[in-house]
Protein chains: 2
Amino acid sequence: MAKKSTKTRNLREDCIVEALSIIGEDGLENLSLREVARRVGVSHQAPYKHFENREHLLAEVVGRCFDAFSKHLHTRKLTGDPTEDLASLGNAYIRYALNHPLEYRLMFGTSLPDPDKYPAMLEKAQYAYAILRDMLTQLFAANSRQKGADADLDAFFVWATMHGLATVLKSPSLATLPVTPSKLGKALPHAFQRVRAALKADLPA
Amino acid sequence: MAKKSTKTRNLREDCIVEALSIIGEDGLENLSLREVARRVGVSHQAPYKHFENREHLLAEVVGRCFDAFSKHLHTRKLTGDPTEDLASLGNAYIRYALNHPLEYRLMFGTSLPDPDKYPAMLEKAQYAYAILRDMLTQLFAANSRQKGADADLDAFFVWATMHGLATVLKSPSLATLPVTPSKLGKALPHAFQRVRAALKADLPA
DNA sequence: CTTTCAAAGTAGACAGCGTCAACTGTTCTG
DNA sequence: CAGAACAGTTGACGCTGTCTACTTTGAAAG
């Protein structure tokens, strides 16, 4: 039975892996269950034993991306200094987006499968968000100059900014914009400085 | 001849309008030239007289979105006060994204048709970006007490943040996050405050 | 006014897709 | 050992994009 479960898990796993690679090569819109089956070497119906339909497979792929993303965010060394750790979190976020544009796009760029229909995928997405939010909560707990500071609000702000930076930096339109590379290289550190300054500031009531 | 050119322009125009509405109803992945033809009331091949293929139609739709976006950004009254105008630009940006989520998604969310292949679309996108960047550059030029301040860098920061806020605010995952609506209502003003604070701050060398 | 000719629209065909139904074989269970 | 659960195969259906070949049309040229 061990053999069987291994075998079945293999096809399932293979499909997910192959799906991601197809998306990378031919784009999301050209992902087809039949092509997956062909590459894995099974009949065109075999994947349906493991995924209800195309969207279920896609949800699984996206879920894996969130897993990898969360893992990446977690596997950093923490210094204990909240400011430092926050910066490192931001760096990790951007680095992942830039180094894994395909996966990042799948998670945030394209129109996802409806999260309501895929609770497993949704949970993984929420987990990734929770990492960011918890980190900021800690930051404010340690750095309690701002008593009334609402970590959720700032988590949202930081998250949005990181996401915006990541998206804009690798937007296909950007490559064609009249922006010098040297300026582009400064853009990210500059934005990080701005965010740091923003979070330090006392806000008016 | 006027009549003819009107007529043909009508089918072309009708296709674009219908395409957008199909995307709104059934999603981008369910946009089909055949359905467009059906709704417009012509044979399944008629649209091919006006669009080489599905992607060309889509590029045209996206181009129109950029046009509308540019127009929206332009039609604001300026007060002359840089800080005020900057805030108003930010608001205009976010407002468009929130009021026209479908169009905004098409421009920035989904995987676009390859810009290299559709120079007309690309040009419109660059024009919209130029508006944004020019306004920001001007505002910062008028604004910055900081000597070495590079307006381009701040423009980039603000643009990315606005884009991030817009995207995250209407991301489907957001609706399912454990965030109360009241908090969500505060999120945007809070982020704007943070951005304002960020831009006011003196940055370390 | 008639001819002509390109553009616009129609009709049919083809392969590829997602997915349903029915079948075969293999493996675990009672 | 019987049989049920499950993985995989085959075939079919209607949908899609797009090719080719046809017909209509309406403006311009003679």
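Within every chain, numbering begins at 1; the chains are lettered A, B, ... in the order of the sequence lines, protein sequences first and strands thereafter. Small disclaimer: the values here were computed from a predicted structure and weren't measured.
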Give one of base, sugar-phosphate or nothing for A:R54, where a contact means two heavy atoms less than 4.0 Å apart.
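If one applies the 4.0 Å heavy-atom cut-off, A:R54 turns out to touch the sugar-phosphate alone, with no base involved.
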Please give, in whole Å, the distance from [N] [atom2] to [X] [atom1]?
{"X": "B:Y48", "N": "D:dA21", "atom1": "OH", "atom2": "P", "result": "17 Å"}
{"X": "B:L33", "N": "D:dC19", "atom1": "CG", "atom2": "P", "result": "11 Å"}
{"X": "B:E52", "N": "D:dT20", "atom1": "CD", "atom2": "P", "result": "13 Å"}
{"X": "A:H56", "N": "C:dG18", "atom1": "NE2", "atom2": "P", "result": "15 Å"}
{"X": "A:E55", "N": "C:dC17", "atom1": "CD", "atom2": "P", "result": "18 Å"}
{"X": "A:L11", "N": "D:dT9", "atom1": "CG", "atom2": "P", "result": "9 Å"}
{"X": "A:E29", "N": "C:dG16", "atom1": "CD", "atom2": "P", "result": "18 Å"}
{"X": "B:L31", "N": "D:dG17", "atom1": "CG", "atom2": "C1'", "result": "12 Å"}

With a 3.5 Å cut-off and heavy atoms only, can you find an N or O donor on one side and an acceptor on the other between the side chain of A:H44 and the base of D:dG8?
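Not at all, since no donor on one side and acceptor on the other fall under 3.5 Å apart.
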Please tell me which of the listed nucleotides, [options], lies nearest to the side chain of [X]?
{"X": "B:R34", "options": "C:dA11, C:dC17, D:dG17", "answer": "D:dG17"}
{"X": "A:A46", "options": "D:dG8, C:dT19, D:dT18", "answer": "D:dG8"}
{"X": "B:Q45", "options": "C:dG9, C:dT10, D:dG11", "answer": "C:dT10"}

Does the pair A:L28 and A:L58 meet the rule for a side-chain contact (heavy atoms from CB on, under 4.5 Å), with working shown?
CA-CA 9 Å; A:L28 177 56; A:L58 188 55; 3.7 Å; yes
Quick check: on DNA chain C, is the nucleotide nearest A:R38 upstream (toward 5') of the one nearest A:K49, or the reverse? Name the residue that is more 5'.
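Its nucleotide being nearer the 5' end, the pick is A:R38.
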If only side-chain N and O atoms of [X] are considered, is one of them under 4.0 Å from the OP1 or OP2 phosphate oxygen of [N]?
{"X": "B:S32", "N": "D:dT16", "result": "yes"}
{"X": "A:H50", "N": "D:dG8", "result": "yes"}
{"X": "A:R12", "N": "D:dC6", "result": "no"}

Closer than 4.0 angstrom, basic N to acidic O: yes or no for A:D14 and A:R39?
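Result for this pair is no, no salt bridge flagged.
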Please report the interatomic distance CG(B:L106) to NE2(B:H100), rounded to the nearest 0.5 Å.
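Here the interatomic distance stands at 13.0 Å.
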Tell me if the CD atom of B:E123 is crowded by more than 12 foreign heavy atoms within 6.0 Å.
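No.
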The single option from B:E18, B:R64, B:H50 passing side chain to side chain contact (heavy atoms under 4.5 Å, CB included) against B:E13:
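When B:E18, B:R64, B:H50 are each tested with B:E13, the side chain to side chain contact (heavy atoms under 4.5 Å, CB included) holds only for B:R64.
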